[in-house]
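Everything on this sheet refers to the single structure shown next.
Just so it is clear, the model here is predicted, and its values are computed rather than measured. First the proteins, then the strands, lettered A, B, ... as listed; each starts at 1. Worth knowing before you read on, the calculation uses all heavy atoms, side chains too, and leaves out hydrogens, waters and symmetry mates.
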Amino acid sequence: MTPFQEKVYYYCKKVPKGKVTSYKEIAKAMKTKAYRAVGTALNKNPYAPKVPCHRVINHDGSLGGFATGLKNKIKMLKDERVIITNGKIDRKYFFRFKQINTF
DNA sequence: CCGTTGACTCTTT
DNA sequence: AAAAGAGCCAACG
């Protein structure tokens, strides 16, 4: 296991239930720009289902993908009271690691 | 070490 | 607004 992936899982676990985040947000929290690598790391996800990787979606709000089937991902999100409209998740469900805005 | 690939994101048409 | 192209970084052969 690479340290990079461990960080990804670490931040992924920090996402509260009923909320989602984007690959880029995680990458930003890690102080890296490898949002692609974040997705690749979650795809391998050896810690599943210990790590709630289903709460990580695209920055656009679309679900992206899921190793065990995208449909399953949607199901889990709905199970956490996350409303998915037209295959996308509303911005209000997005979780920010940096809750303090400086402006 | 170089090239390919992927659960991405941004910019331009 | 939707689609295509380019940029991006880590992992793997």
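- There is no side-chain donor-acceptor pair under 3.5 Å between A:E25 and A:S22.
- Residue A:F4 is classed as a sugar-phosphate contact, given heavy-atom separations below 4.0 Å to backbone atoms only.
- Residue A:T40 places no side-chain N or O under 4.0 Å from the OP1 or OP2 atom of C:dA10.
- Within the 6.0 Å centre-distance limit, the rings of A:F97 and A:F95 are counted as a close aromatic pair.
- Checking C:dA10, C:dA11, B:dA7 against every side-chain atom of A:A34, the shortest atom distance belongs to C:dA10.
- Going from atom OH of A:Y23 over to atom C1' of B:dC10 covers 17 Å, rounded to whole Å.
- Whole-Å rounding puts the A:Y35 OH to C:dA6 P distance at 16 Å.
- As a whole-Å value, the separation of A:K88 NZ from B:dC8 P is 14 Å.
- Which of C:dC12, B:dT9, B:dA7 sits closest to the side chain of A:S22 comes down to B:dT9.
- Between A:N58 and B:dT9 there is a side-chain polar atom (N or O) within less than 4.0 angstrom of OP1 or OP2.
- Between A:E80 and A:K19 there is no salt bridge, since no side-chain nitrogen of the basic residue lies less than 4.0 Å from a carboxylate oxygen of the acidic one.
- Atom C1' of nucleotide B:dG6 and atom NZ of A:K33 are separated by 19 Å, given to the nearest angstrom.
- Between C:dA11, B:dA7, B:dT9, one nucleotide has an atom nearer to the side chain of A:K24 than all others, and that is B:dT9.
- Per the geometry, CG belonging to A:N45 stands 15 Å off P belonging to C:dA11, to the nearest Å.
- Taking atom NZ of residue A:K28 and atom P of nucleotide C:dC9, one finds them 16 Å apart after rounding to whole Å.
- Rounded to an integer number of Å, the gap from CG of A:N43 to P of B:dA7 is 5 Å.
- Within 4.0 Å (heavy atoms only), A:A37 reaches at least one base atom of the nucleic acid.
- Atom pair A:I26:CD1 and C:dC9:P shows a separation of 18 Å (rounding to whole Å applied).
- Summarising the geometry of A:F94 relative to A:I89, their closest heavy-atom pair is CE1-O, 4.3 Å, with the distance given to 0.1 Å.
- Between the side chain of A:R36 and the base of C:dC9, no donor-acceptor pair of N or O atoms lies under 3.5 Å.
- Aromatic ring pairs are classed by plane angle as parallel below 30°, tilted from 30° to 60° and perpendicular above 60°; the pair A:Y47 and A:Y9 is tilted.
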